[in-house]
Amino acid sequence: MPELSPETAAAPKPDLVPVRRALLSVSDKTGLVELGKVLVGYDVELVSTGGTAKALRDAGLPVKDISEITQFPEMMDGRVKTLHPMVHGGLLAVRDNPEHAAAMAEHEIGAIDLVIVNLYPFEATVAKGADRDTVIENIDIGGPSMLRSAAKNHTYVTIVTDPADYEGLLVELEATKGATSLGFRKLMAAKAYAATAAYDGAISRWFAEVDQGQKFPSQVTMTRVLAGSLRYGENPHQDAALYLPRGGHASGLPQAEQVQGKELSYNNYNDANAALELAAEFRGQKPAVVIVKHANPCGVAQADTLLDAWTGALECDDVSAFGGIVAVNQPLDGPTAEAICRIFTEVVVAPGADEEARAFFAKKKNLRLLLTDGLPDPRRAGQTVIPIAGGILVQDRDNGAIGFDDLKVVTKRAPTDRELADCLFAWTVARHVKSNAIVYARDGVTAGIGAGQMNRRDSSRIAAMKAAEAAEKFGWTQSRAVGSAVASDAFFPFADGLLAAAEAGATAVIQPGGSIRDDEVIAAADEAGLAMVFTGMRHFRH
């Protein structure tokens, strides 16, 4: 790194720098003319390029073409126009450095005090499915170069990259009578470098992942945009914020309309997302209701009406449902909303709600009602990221799926059609339950859910216990686990977990298979008269 000259090192850093000349070169022309008019009002000389200069000139504003400054024409379809010493000298000169000042005087380089630049729409071009040549042409070269030069020299130069910051610039100019403060220039420089980092990250990811087909490139830049701070994190002593990915992504809770209720907390987002992802498994199907507590389903049901589905889901574990999160796969109606309001519910997520439903929820002012634009695709591609000490773990989303044709009957008795349907329903729920996961289900309703235990036998017993408690509480003649199908997210390493399910009354089992003791487990299932199918696919969820 070159050392600063004694004159430069000793020079005081100016606070207010008058804006006398501005360079404008933007792809997004939002607010451009309005900004130009204000700058001209402060007697700022406008220098511009191509389409930006035309837009300013068409608005009747005086503007110099960049070629008048460089004494060199724009060429090569605009690829070369600002990469010139007359531009970058005016941006990078340390104005209190006598040597820099002498070089500017000798070469007649004029200082540039303000740069308004935003970059070619690379990500938007990719999102439109443009061909490779068009994508390449939308890689900006001159824009990032000017942006970086101005940001580096923020002691003297103001850089603005986002039209959303024009208002802040105008406030700054008004407060200082046509100048900018060092604090503002620092803030804009930080935003400028964040913009170039994100831009280069998008380009590098496109080259690696799309152009070269690399799933795990040697270097990865993950860019996120701050959506807002949250009240606190998982616990009150932890700070938290919500960030959104740049570029294409699934629509979910951050894009939902919050109709009412308090601000969402970190835990609200986490739990509501778990509920939404499971509800999405039933999109396009008959009414389904999901109740989640601490990111685990505690009741899931499908029925002919949303109200019946709510009742079935609630009866699985109404104790855990208190203070829980509810997600549904269809727009909410009044009777279902009224029923939900009978217990304390933190968040309700739905792809719509009628006026009657909204009216019932309005009586519960603290309840957060989130209306989404449809449901996310549960089979969508993508990756998940988990930080660990010293690194991050990256993996594909668990978007694997099975259907009836993928099931392999491994017992002497094949499951009935009803048992097969219950197996697949229980399997769908189990993939969203923390491991070790066991789910009992019958007739499209969960009977008992065992989550997050250190061994599968205990998960089986906990799920059976919940089913028995529900039967006692609601006065049923027997537990809903009797005659149910039981799903296990991973293979049974021993027969004990399976036998616990048989003791609870399950008659059919769905599990991945693949244990070295599969033969013992199958033999135990045959002896108990169970029908069992293997999926060949595991769904651990840690």
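Of the N and O atoms on the side chains of D458 and N455, at least one donor lies less than 3.5 Å from an acceptor on the other residue. Looking only at atom types and distance, the side chain of N436 has a donor-acceptor partner in the side chain of R456 under 3.5 Å away. Side-chain contact of Q395 with Q383: a donor-acceptor pair under 3.5 Å is absent, judged by distance alone. No side-chain donor-acceptor contact under 3.5 Å links Q219 and S204. Judged purely by distance below 3.5 Å, without hydrogens or angles, the side chains of H294 and D271 never pair a donor atom with an acceptor atom.
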Could you go through L253 and L370, starting from their C-alpha distance and side-chain angles, then the distance that decides it, and tell me whether this counts as side chain to side chain contact (heavy atoms under 4.5 Å, CB included)? CA-CA 8 Å; L253 297 176; L370 301 176; 3.9 Å; yes
Q: Using the salt bridge (charged side-chain N to carboxylate O under 4.0 Å, His left out) rule, take R541 and D398 through it: C-alpha gap first, then chi angles, then the decisive distance, then the call.
A: CA-CA 9 Å; R541 193 178 189 87; D398 182 5; 5.7 Å; no
ask   = Going through the distances and angles, do F491 and R538 end up as a side chain to side chain contact (heavy atoms under 4.5 Å, CB included)?
value = CA-CA 8 Å; F491 62 65; R538 188 181 75 185; 5.8 Å; no
Could you go through E277 and R431, starting from their C-alpha distance and side-chain angles, then the distance that decides it, and tell me whether this counts as salt bridge (charged side-chain N to carboxylate O under 4.0 Å, His left out)?
CA-CA 11 Å; E277 292 278 20; R431 65 183 295 154; over 6 Å; no
*asked:* Between Q260 and R358, is the side chain to side chain contact (heavy atoms under 4.5 Å, CB included) condition met? List the steps.
replied: CA-CA 9 Å; Q260 64 172 67; R358 291 176 185 235; over 6 Å; no
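Side-chain contact between L276 and L375: present, with at least one pair of heavy atoms (C-beta onward) separated by less than 4.5 Å. At a threshold of 4.5 Å between non-hydrogen side-chain atoms, the residues M146 and I159 do not count as touching. Between V349 and T372 the shortest side-chain heavy-atom distance falls below 4.5 Å. With contacts defined as side-chain heavy-atom distances shorter than 4.5 Å, the pair I438/F492 qualifies. Contact annotation: the side chain of Y440 never approaches that of D422 to less than 4.5 Å [non-hydrogen atoms, C-beta and beyond]. Proximity of I402 to L407: side-chain heavy atoms (C-beta onward) are separated by under 4.5 Å at one or more points. Taking the side chain as every heavy atom from C-beta outward, F361 and L332 approach each other to under 4.5 Å. Taking 4.5 Å as the limit, every side-chain heavy atom of R224 sits out of range of all side-chain heavy atoms of R246.
Judged purely by atom type and a 3.5 angstrom limit, R480 has no side-chain atom pairing as donor or acceptor with the backbone of A441. A distance-only check finds a donor-acceptor pair linking the side chain of S265 to the backbone of N268 [under 3.5 Å]. Distance alone, capped at 3.5 Å, is enough to place a donor-acceptor pair between the D489 side chain and the A437 backbone. Judged purely by atom type and a 3.5 angstrom limit, N235 has no side-chain atom pairing as donor or acceptor with the backbone of H237. Panel note: side chain Q453, backbone A451; a donor-acceptor pair is recorded below 3.5 Å. For N329 (side chain) and K286 (main-chain N/O), a donor-acceptor pair under 3.5 Å exists by modelled atom type. Checked by atom type and distance alone, the side chain of D28 never pairs as donor or acceptor with a backbone atom of N118 at under 3.5 Å. Side-chain atoms of K262 never come within 3.5 Å of backbone atoms of R368 as a donor-acceptor pair (strictly under, hydrogens ignored). Counting only distance, with no hydrogens or angles, the side chain of T345 and the backbone of C341 share no donor-acceptor pair below 3.5 Å. Judged by distance alone, the side chain of S460 and the main-chain N or O of G497 form a donor-acceptor pair under 3.5 Å.
Atom CG in L307 sits 7.0 Å away from atom CG in D333 (nearest 0.5 Å). Interatomic distance, CD of E469 versus SG of C316, reported as 11.0 Å (0.5 Å rounding). One finds the CE atom of M188 at 4.0 Å from the CG atom of D165 (value rounded to the nearest 0.5 Å). Summarising the geometry, atom CD belonging to E281 is positioned 12.0 Å from atom CH2 belonging to W427; distances are rounded to the nearest 0.5 Å. Atom CD1 of residue I510 and atom OG of residue S488 lie 10.0 Å apart, to the nearest 0.5 angstrom. To the nearest 0.5 Å, the span separating CG on D373 from CD on Q255 amounts to 9.5 Å.
Remark: D417 CG is loosely packed, at most 12 non-hydrogen atoms of other residues, nucleotides or ligands lying under 6.0 Å away. Within a 6.0 Å sphere centred on CG of N399, heavy atoms belonging to other residues, nucleotides or ligands number more than 12. The neighbour count for R283 CZ, taken as heavy atoms of other residues, nucleotides or ligands under 6.0 Å away, is above 12. The number of heavy-atom neighbours closer than 6.0 Å to NZ of K412, taken from other residues, nucleotides and ligands shown, is 12 or below.
Sorted by first and then second residue, the side chain to side chain donor-acceptor pair (under 3.5 Å) pairs with a member in residues 509-524 form an empty list; sequence neighbours excluded.
Using the six-membered ring where Trp is involved, F122 and Y199 have ring planes that are perpendicular, over 60° apart on the 30 and 60° scheme.
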